[in-house]
Amino acid sequence: MEAIENLMSRRSPAKLAEPAPSAEALSRAMAAAVRAPDHGKLKPWRFVIIESDARAAFGEVMARCLKRQQPDATEEMLTREREKAFRAPTIVVAVAKIQAQHPKIPEVEQLLAAGAATQNFWLALHAQGYGALWKTGAPAYDAQVKRELGLAETDQIVGFMYVGSIAQPAMDQKRPEPEHFIERWTRPAA
Ligand SMILES: Cc1cc2nc3c(=O)[nH]c(=O)nc-3n(C[C@H](O)[C@H](O)[C@H](O)COP(=O)(O)O)c2cc1C
């Protein structure tokens with residue numbers, strides 16, 4: 001696929017399904033991810049792959065998180081939360097491995113590099129015909145979720161990337177006009 005066409009056609013599908021991206025496709029997407037811009041060559045990204053049966057355990061992690069956040073969550077809500085783990089054959093947790101107080105590279109730049117890697121990952125999957133959903137929500141910021149995923153306290157979850165084959169494409173939504181976001185600067189403000 002043409003690079004620009006790939007960028008312009010990426011969207012979150014309405015529904016994902018089996019088969020998961022092949023090992024080769026996933027590894028190509030990872031290779032694209034680690035080519036992201038990276039100030040100081042810190043490689044501040046990690047990708048935690050959760051697939052097949054491990055998704056049930058991940059669903060439990062999510063349900064426990066919901067229960068912590070909303071102690072009066074009903075059984076129905078908890079079941080719905082568990083089932084989210086099965087909305088794609090593979091979940092890739094994109095993580096920013098933050099070095100706090102790095103002498104040269106601010107934390108925000110490390111987070112941006114991990115975000116760029118995550119977008120590269122998504123675009124590379126898209127170029128190979130697979131779909132992805134980028135999700136965060138409360139679990140991405142929950143210390144216990146991080147612990148249960150084997151992450152360090154200083155790690156930041158950039159996104160839970162649900163990946164698979166596209167069972168139902170997204171409805172085409174109107175995209176913003178780029179000129180609304182562009183300003184020209186000519187001199188310092190008074
Ligand atoms: C950091 C980040 C976190 C996001 N978290 C969520 C989320 O938790 N739930 C959600 O529905 N969309 C979330 N989104 C937005 C979707 O992934 C998606 O990009 C958006 O709905 C626009 O749809 P599109 O991918 O078709 O452009 C997030 C996006 C980013 C960049």
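Whatever order the structure lists ligands and atoms in, that order sets their numbers, starting from 1.
Using 4.0 Å as the threshold, Tyr162 has no heavy atom nearer than that to any atom of ligand 1. Contact analysis leaves Gly159 out of contact with ligand 1, as no non-hydrogen atom separation drops below 4.0 angstrom.
No side-chain heavy atom of Gln70 sits under 4.5 Å from any side-chain heavy atom of Glu81. Residues Phe121 and Leu26 meet the side-chain proximity criterion, which asks for heavy atoms closer than 4.5 Å.
Side chains of Arg68 and Gln144: no donor on one and acceptor on the other come within 3.5 Å.
Taking a cut-off of under 4.0 Å to the non-hydrogen atoms of Arg10, the atoms of ligand 1 that pass are 24 (P), 25 (O), 27 (O). Close approach of ligand 1 to Gly137 (heavy-atom distance below 4.0 Å) involves ligand atoms 8 (O). If you number the atoms of ligand 1 from 1 as listed, the ones under 4.0 Å from a heavy atom of Gln173 come out as 23 (O), 26 (O).
Residue pairs meeting the side-chain hydrogen bond (donor to acceptor under 3.5 Å, both in side chains) criterion with at least one partner in residues 44-64, sequence neighbours excluded, are Glu60-Arg82, Arg64-Glu148.
Comparing Met171, Arg175, Lys135 against atom 10 (C) of ligand 1, the shortest heavy-atom distance belongs to Lys135.
The protein atom (non-hydrogen) at minimum distance from atom 14 (N) of ligand 1 is Trp134 O, 3.3 Å. Remark: minimum distance from atom 8 (O) of ligand 1 to any protein heavy atom is reached at Thr136 N, 2.8 Å.
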Which pairs of donor and acceptor atoms, one on a side chain in residues 102-110, lie under 3.5 Å apart (sequence neighbours left out)?
| from | atom 1 | to | atom 2 | distance (Å) |
| --- | --- | --- | --- | --- |
| His102 | ND1 | Lys104 | N | 2.9 |
| His102 | ND1 | Ile105 | N | 3.0 |
| Glu109 | OE1 | His39 | ND1 | 2.5 |
| Gln110 | OE1 | Gln99 | N | 2.6 |
| Gln110 | NE2 | Gln99 | O | 3.0 |
| Gln110 | NE2 | Ile105 | O | 3.1 |

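Note on Ile98: it clusters hydrophobically with Val34, by side-chain heavy-atom contacts below 4.5 Å among ILVMFWY residues.
Close N/O approach between Ser12 and ligand 1 is found [any backbone or side-chain N/O within under 3.5 Å].
At a heavy-atom cutoff of 4.0 Å, ligand 1 is contacted by the side chain of Trp122 but not by its backbone.
Tested against Leu149 for a side-chain contact (heavy atoms from CB on, under 4.5 Å), the candidates Val95, Asp155, Ile157 yield a single pass: Ile157.
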